[in-house]
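One is the number of the first residue; the rest follow in order along the sequence.
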Amino acid sequence: MDACRGRQHATPPTTLVRVSTTTTPGSGDEPDAASHSVDSTSAAIEVAEAASELDEAVHAPGAEQPETRPGLRGLYDRFAHLIHELGKFGAVGMVAFVIDVAIFNLLRQAGVESLTSAAISMAVAATAAFIGNRFWTWRDRERSGLRREYTLYFIFNAVGLLIALTCLAISTYGLGAIWPVFTEPLAENISKQIVGGALGTVFRFWSYRNIVFRTAS
């Protein structure tokens, strides 16, 4: 037992000696193997760095992405002009909307009948909208004559007014005859300004863009 224990305790020093001798310079093939391992590790690091740089370049915000560009940027480029027209048309419409609402409610407070008040307020607002659309929204369009444009503008605008007035009449005199709440000012504004105004606006934009302020042929 003592001999075995002595042999077990003697083994670690022998192993330590072997490790120290393998790291001694000039031991033959060992330095070559170590340098080969270092070169392989460096090459692997360089490849990983190159792959990382390539991945960053491909997914960079400004990098060209042929597969996604047609679906996003390409779609915007295709309808950019229409989007700009809609933005200007909407801004002009908001100004006209404020004018319409202000005049309509002033006339109603003065005791003027609702349909008459609506017709007057929308006529004034339409004139302001014509000026904004002619000289801002579609200022790049061909000038086909003020008389022609103004006449067609008010013809199509009258159709838009008729749409809004129809919504107001249905609400005030149709539904109002059954439920008196529809004859109150809030219900009148909702039926005329929101419902009728939205439907009339869609029709106006289409007619102004394609007929009144037409492109050069």
Side-chain angles (χ1 to χ4, degrees), residues 78-217:
R78 183 178 179 182
F79 296 102
H81 190 66
L82 179 61
I83 294 173
H84 294 162
E85 288 183 353
L86 282 171
K88 294 179 179 180
F89 180 79
V92 172
M94 287 300 297
V95 175
F97 176 79
V98 172
I99 295 174
D100 188 3
V101 173
I103 295 177
F104 175 76
N105 285 280
L106 286 174
L107 292 175
R108 288 294 290 144
Q109 291 177 5
V112 181
E113 194 268 336
S114 65
L115 291 180
T116 303
S117 300
I120 294 174
S121 65
M122 287 189 286
V124 176
T127 302
F130 172 81
I131 297 173
N133 287 322
R134 170 68 278 185
F135 297 102
W136 187 43
T137 306
W138 289 291
R139 62 182 178 182
D140 59 327
R141 296 294 182 90
E142 178 187 10
R143 300 293 179 90
S144 59
L146 182 61
R147 179 180 298 177
R148 172 194 172 276
E149 293 176 352
Y150 197 75
T151 302
L152 289 177
Y153 184 90
F154 271 90
I155 290 175
F156 291 116
N157 195 65
V159 177
L161 295 178
L162 182 60
I163 294 173
L165 289 175
T166 301
C167 294
L168 178 62
I170 292 173
S171 175
T172 302
Y173 299 106
L175 299 176
I178 304 173
W179 298 288
V181 68
F182 284 95
T183 61
E184 295 180 0
L186 178 60
E188 290 180 345
N189 279 277
I190 292 175
S191 60
K192 173 183 171 291
Q193 308 294 352
I194 298 178
V195 180
L199 295 176
T201 298
V202 173
F203 173 79
R204 289 188 188 98
F205 180 79
W206 174 85
S207 60
Y208 298 164
R209 187 176 190 271
N210 295 281
I211 301 176
V212 180
F213 306 116
R214 62 188 181 186
T215 57
S217 57

Judged by atom type as modelled, is there a donor-acceptor pair below 3.5 Å linking the side chain of Y208 to the main-chain atoms of N133? no
Between E85 and R141, is the closest basic N to carboxylate O distance under 4.0 Å? yes
Using every non-hydrogen atom in the two residues, find where R204 and G160 come nearest and quote the distance to one decimal. NH2-C, 3.4 Å
Can you check whether C167's main-chain N or O pairs, donor with acceptor, with S171's side chain at less than 3.5 Å? no
Any donor-acceptor N/O pair, R134 side chain to W138 backbone, under 3.5 Å: yes
For W136 versus A91, what's the shortest heavy-atom pair and its separation? CZ3-CB, 3.8 Å
Taking A96's backbone N and O only, do any of them form a donor-acceptor pair with D100's side chain (distance below 3.5 Å, no angle check)? no
Within the structure provided, determine whether S117 and E188 are in side-chain contact (heavy-atom separation under 4.5 Å). no
How many angstroms lie between atom OG1 of T137 and atom CD1 of I131, to the nearest 0.5 angstrom? 12.5 Å
Tell me, do Y150 and T127 make a side-chain contact under 4.5 Å, heavy atoms counted? yes
If I take atom CG from residue L82 and atom CZ from residue F205, how far apart are they, to the nearest 0.5 angstrom? 5.0 Å
Which atom pair, heavy atoms only, marks the closest approach of F156 to V212? CD1-CG2, 3.8 Å
One should read off an interatomic distance between T151 OG1 and L146 CG, to the nearest 0.5 angstrom, of 8.5 Å
Could you tell me whether the side chain of E113 and the main chain of T116 form a donor-acceptor pair under 3.5 Å? yes
Do the non-hydrogen side-chain atoms of F89 and R209 ever get within less than 4.5 Å of each other? no
Quick one: closest heavy-atom pair of A128 and I99, and the distance? CB-CD1, 3.8 Å
dist S114:OG -> L107:CG (nearest 0.5 Å) comes out at 11.5 Å
Interatomic spacing from CD1 in I194 to CZ in F97 - rounded to 0.5 Å: 7.0 Å
Rounded to the nearest 0.5 angstrom, the CZ-CD1 distance for F182 and I170 is 11.5 Å
Which residue is it: T172, L168, I120? I am looking for the one with a side chain to side chain contact (heavy atoms under 4.5 Å, CB included) to L115. L168
Minimal non-hydrogen separation, I211 against R148, with atom names: O-NH2, 2.8 Å
Would a distance-only check, ignoring hydrogens and angles, find a side-chain to backbone donor-acceptor pair under 3.5 Å from N210 to W206? yes
Identify the two heavy atoms, one from A118 and one from L165, that lie closest to each other, and give their separation to 0.1 Å. CB-CD2, 3.7 Å
